[in-house]
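The structure appears right after this line, and notes come after that.
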Amino acid sequence: MPYNFTTIEKKWQQYWLEHKSFRALEPDEAPDAPKAYVLDMFPYPSGAGLHVGHPEGYTATDIVSRYLRMRGHNVLHPMGWDAFGLPAEQYAIKNNVHPAETTRKNIETFKRQIRMLGLSYDWDREIDTTDPEYYRWTQWIFLQMFNSYFDPIDQKAKPIGHLINELQNENLVVGPDGSVRINPTQEGLEEIAGEVRVERLWRELTPIEQQDVIDGQRLAYMDEVPVNWCPGLGTVLANEEVIDGKSEVGGYPVERRPMRQWMLRITAYADRLLNDLDTLDWPEPLKEMQRNWIGRSEGAHVDFEIAPPDENVRRTDAAWGEPNDGGNVDLSVTVFTTRPDTLYGATYMVLAPEHPLVDRITPSAHRETVEAYRTQCAARSERDRMAEAKEKTGVFIGAYAINPVNGERIPIYIADYVLMGYGTGAIMAVPAHDERDFEFAKKFKLPIIAVVMPDETWLRAEAPFPDADPISLATAYVENPGSFKKAFTGVGVAINSPAINGLPTPQAKARMIDKLEEDETGHRAITYKLRDWLFSRQRYWGEPFPILLDSEGNAVAVHEADLPVTLPAVADFKPTGTPEPPLSKATEWVTVSREGRTFTRETNTMPQWAGSCWYYLRFIDPHNKHRFVDPVKERYWMPVDLYVGGVEHAVLHLLYSRFWHKVLFDLEYVSTPEPFQRLVNQGLILGETEYHVFETEQGQPVSLGDVRDVDEEATETGVRMVAHDRRTGAKLIGRRLKEEEVEKVGDGYRLRSNPEIRVDARSFKMSKSRGNVVNPDTIVQDYGADTFRLYEMYMGPLEAQKPWNTRDIVGMSRFLNSVWRNIIGGDEEAPVPGTRAVDAPIPDALDRQMHRTIKKVAEDITGMRFNTAIAELIKLNNEMGKLPAIPRPLAEDFTLMLAPFAPHIAEEIWQRLGHDRSLARHPFPAYDEAKLTKSTMELPVQVNGKLRDKITVAADADEASILRTATSAPGIQQWVNGKSIKKQIYVPKKLVNLVVG
RNA sequence: GCCCCCGUGGCGGAACGGCAGACGCUACGGACUUAAAAUCCGUUGGCCCGCAAGGGCCGUGUGGGUUCGAAUCCCACCGGGGGCACCA
């Protein structure tokens, strides 16, 4: 008779809520308890409700939280809603419901589902990012960024007032591009003799220039950047949402157009975001993803002078194009390279099509072709450019640059394989030693000069002829590297490079940089792939910016006292059809008068990620009306000790919130440089394994070996598998098979009805269109929350990707029923519930096992190895089942150990064992070291590494006697007789290995 | 193309360089039942010898290596998954 999980689970969920069993104590309430901040990535409450992936991570942190509470920790374990975002808004537009309404309903559903799992959240700390009381502080943090700059001296954020001081004191100066840098001469710029002065002092600027410098340094700033604008949808789209120049949704054309957008200066933090990864206890692959995303490259900036387009044309001639600078300014292009050692091999230069210098240096004869090419590039989105990456395109612009190391005139091209957004938007092309340059040079018949000698293996592999003679290989490479199959991009020895000949690549790089710095034609430089974060969206359902714009479009901060800037409750939140955000239609809201002047509000909103950048701080002090978080509480709780969530946020949320946190740290609002000390990624739960046979249109099955290009294809009703016949190329359709139609033979699955035919077996990501989504509601209804929790934790390692298998759930259900039967016994409906617990000592063997289990379960919970912890509990329960009655201490300790995993049934058993208080804060059982060992031990004995017998010896026996016992063991004789024992190995308490020969 | 992770029974998965397959599922056999389901008990990597008790051989994607000893460490290859992708 199964226990009644429905009643029991409802009862205890209500009990926990009423008693606030999981309330996190304030710092002064728990002066002696160690703190633990255990956090889940809070969900976006979508309309679909919870899927089985959510409870995986939530149960894991719940087990850890419950365990730590039982170990006397003061645990902060909160839950909230990341509720701003596009899906609610799309749904709202389609169905004409206000997004606030859908969001409210979705949160309700999520909350009900999460509560039904019995998770030990402190519900008094629930937060919702769309609540004005929450987003006032999101806006407040934005204002801190708006009012801060990144100080180049101390490499940290500081209030903007400090910037003005430093400029006035001339510790900082202004560069020609308006950037701020450290004053290169402490005495003043006039000291740089004979040089063209590029930096300017604060006092040399006009007030308007001064304001521009300030605005240009803010961590939150406005800038004109090219975006994907889709007039059909009336919004900008991310690159991922654009396919073949059309919108993914609706197929409307998309244009690239520059728009004035809010940006956050995350690039200033690139180095710290990179370096501090080393201090974090995060999965290495995830750190690697962030490292790649930041993409730090070391190399050099090299300046190339621009030569006149023709020997006979002077720089002042009209052929230079506009503006005419009178010949007084040197025209030069700076390139970034990671291989300065290949500078002698630079045979041409490539600029990004959008490079600003192109207009100035293209002679009139080439204007038309250049413009045509630029238009062609602009019409294509970044994504298309990547898709067509195989074929190199570009045009010669009619100008030349001078290679600074050898004075060679090299032609300048524009090509879209050079990106304006990376490095300087210009490269020196070294076709012999760069794949892309190699391809481009071959297509445009440009010279290829070898300047690095590859090793012989490479030469032999890539040579155009099968010659094996090393000398002729090397000669051939020097004479004609273009005839080889590809460019040599590895490290070798410098050749054809007078300044560095004979040097291995690393030294050659260093020497070349030194030379460039001596000649003042270049310097050491570091570049990042990371770009500043485009932070504004033309949407309704997001946080409004706390920004006013004056008549010139200059941004002014809203006073802190006027926060929050609430989202106006408009009826019309649909896109305007122009780049104007929907909020611009809220005319009353938009116009603001302040101090006698009229302003308009910024009508863009913040992106989905804003609210999640700092929510972990608000959980610490969710009801504070005066600060975003109280500093005393912040110091107590931070950092987050354990953070669990999916890997999909690796370079989004997890990078963004580290960045915000560092800004807050620099401004001394938080006490730790990093927010999340330990992070664990839960693996994806896939749908049940599916079997497909591929068939021709006539229904003829084709074996998997004769099939190629297996893929998925969307249909009106869902998704199907498709493939092509390897020989005929005919299209094949996958037919889903029932499990019993399939059998495993050898290394694959075959049709039971026709073993000739091999079939496809795999699991897919759960998706609505595939129809393989499992709803947690059903599982909880059929088996109960405790069984559901156990099943998800027992599936395998938390981090691993693993397929769902409903059939397996019954195992956990049986386990809990068996526990119930063992400790409680027969009828749980009895008026005075009895138990099978008796006051008797635990039998020795079982006592040892119990102590081993306590040790193992405790270690496994800390190490997040829940599957093996549960296996251990099952084993102990199986042993308990063999007893006529359960000794009370065993029943109690077992129940306490089970509690973090299956809290409802554990509480119920605990109560029936005669306790009138929840076990939530009852001490977790402790194990006795002395009970872990036996007086005798069993040792395996190997001969030549193969197991041949086992011996039983005293636990404290010495090595000599153990070896004596081992060599004389009965099962060993036949293997050593007539042979000499060459070596005896005894691994203490592990095994004996005899080497004979 | 580059980077990262992973290949163990019919399935999910255990195993500080030291007894491979813990634990669960499935399947099979048995008990209970008029019967079925549910439940409970037993067996369950493959091959071979033996009536049996028992014993032997082979086995962690493939091939090599290090080691007294390798699923575990190293090299190469094959297969799967993920990330980045014209990043100079």
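Keep in mind that what you see is a predicted model, and the values were worked out from it rather than measured. Just so we're on the same page: letters track the sequence lines, and every chain starts at 1.
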Expressed as a whole number of angstroms, how long is the span from [X]:[atom1] to [N]:[atom2]?
X       : N       : atom1 : atom2 : value
N805(A) : rC11(B) : CG    : C1'   : 7 Å
K946(A) : rC68(B) : NZ    : P     : 17 Å
L704(A) : rG80(B) : CG    : P     : 10 Å
K529(A) : rC3(B)  : NZ    : P     : 12 Å
Y749(A) : rG10(B) : OH    : P     : 8 Å
M812(A) : rG24(B) : CE    : P     : 8 Å
E872(A) : rG24(B) : CD    : P     : 11 Å
L798(A) : rG13(B) : CG    : P     : 13 Å

Problem set entry | Any residue meeting side-chain contact (heavy atoms from CB on, under 4.5 Å) with D949(A), in chain and number order, not counting sequence neighbours |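 Counting only residues at least two positions away or on another chain, D949(A) forms a side-chain contact (heavy atoms from CB on, under 4.5 Å) with A969(A), P970(A), I972(A).
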Phosphate OP1/OP2 of [N] contacted by [X] side-chain N/O (<4.0 Å):
X       : N       : value
R821(A) : rU39(B) : no
R762(A) : rG80(B) : no
R948(A) : rC57(B) : yes
K875(A) : rA22(B) : no
N878(A) : rG24(B) : yes
T689(A) : rC11(B) : no

Partner nucleotide of [N] by Watson-Crick or wobble geometry (both distances under 3.5 Å):
N       : result
rA22(B) : none
rC47(B) : rG56(B)
rC77(B) : rG61(B)
rC16(B) : none
rC40(B) : rG30(B)
rC84(B) : rG1(B)

Nearest to side-chain heavy atoms of [X], which nucleotide of [options]:
X       : options                   : result
R814(A) : rA88(B), rA14(B), rC25(B) : rC25(B)
N292(A) : rA88(B), rC3(B), rA14(B)  : rC3(B)
V810(A) : rA88(B), rU39(B), rC19(B) : rU39(B)
P285(A) : rC25(B), rC4(B), rA88(B)  : rC4(B)
Y794(A) : rA15(B), rC4(B), rC23(B)  : rC23(B)
P803(A) : rG24(B), rG13(B), rG10(B) : rG13(B)
W293(A) : rC25(B), rC23(B), rC84(B) : rC84(B)
W975(A) : rA88(B), rC19(B), rG56(B) : rG56(B)
K983(A) : rG12(B), rA88(B), rC68(B) : rC68(B)
L991(A) : rC25(B), rG18(B), rG10(B) : rG18(B)

Exercise. Are there more than 12 heavy atoms of other residues, nucleotides or ligands under 6.0 Å from atom NZ of K443(A)?
Worked result: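 Above 12, so yes.
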Problem set entry | Neighbour count above 12 (heavy atom, 6.0 Å) for K486(A) NZ |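 Count not over threshold, so no.
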Do [X] side-chain and [N] base share a donor-acceptor contact under 3.5 Å?
X       : N       : answer
K982(A) : rC68(B) : no
K950(A) : rC19(B) : yes
N993(A) : rC68(B) : yes

Exercise. In terms of side-chain geometry, is the basic nitrogen of K882(A) or E879(A) positioned less than 4.0 Å from the acidic oxygen of its partner?
Worked result: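 A salt bridge is present here (some side-chain N lies under 4.0 Å from a carboxylate O).
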Exercise. Would you say T393(A) and F440(A) make side-chain contact, with heavy atoms under 4.5 Å?
Worked result: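 A side-chain contact under 4.5 Å is absent here.
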Problem set entry | Which residue lies more 5' along RNA chain B, comparing T338(A) with K744(A) via nearest heavy atoms |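 On the 5' side of the pair lies K744(A).
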Exercise. 5'-most contact on RNA chain B: E288(A) or G796(A), nearest heavy atom basis?
Worked result: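 Checking each residue's closest nucleotide, the 5'-ward one belongs to E288(A).
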Problem set entry | Check against salt bridge (Lys or Arg N to Asp or Glu O under 4.0 Å), R789(A) and E56(A) | CA-CA 8 Å; R789(A) 292 167 55 115; E56(A) 190 192 13; over 6 Å; no
For this session: May I ask you to say what I985(A) touches in the nucleic acid, namely base, sugar-phosphate or nothing, with a heavy-atom cut-off under 4.0 Å?
Result: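 It contacts base atoms.
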For this session: Start with the C-alpha distance between R524(A) and E298(A), add both sets of side-chain angles, then the distance that settles salt bridge (Lys or Arg N to Asp or Glu O under 4.0 Å), and finish with yes or no.
Result: CA-CA 8 Å; R524(A) 199 172 299 279; E298(A) 285 184 34; 5.9 Å; no
Exercise. What form does the base of rG9(B) take, syn (within 90° of 0) or anti?
Worked result: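 You should classify rG9(B) as syn.
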Exercise. Checking K738(A) against Y691(A): charged group under 6.0 Å from the ring centre and within 45 degrees of the axis?
Worked result: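 No - K738(A) does not lie over the ring of Y691(A) by the 6.0 Å and 45° rule.
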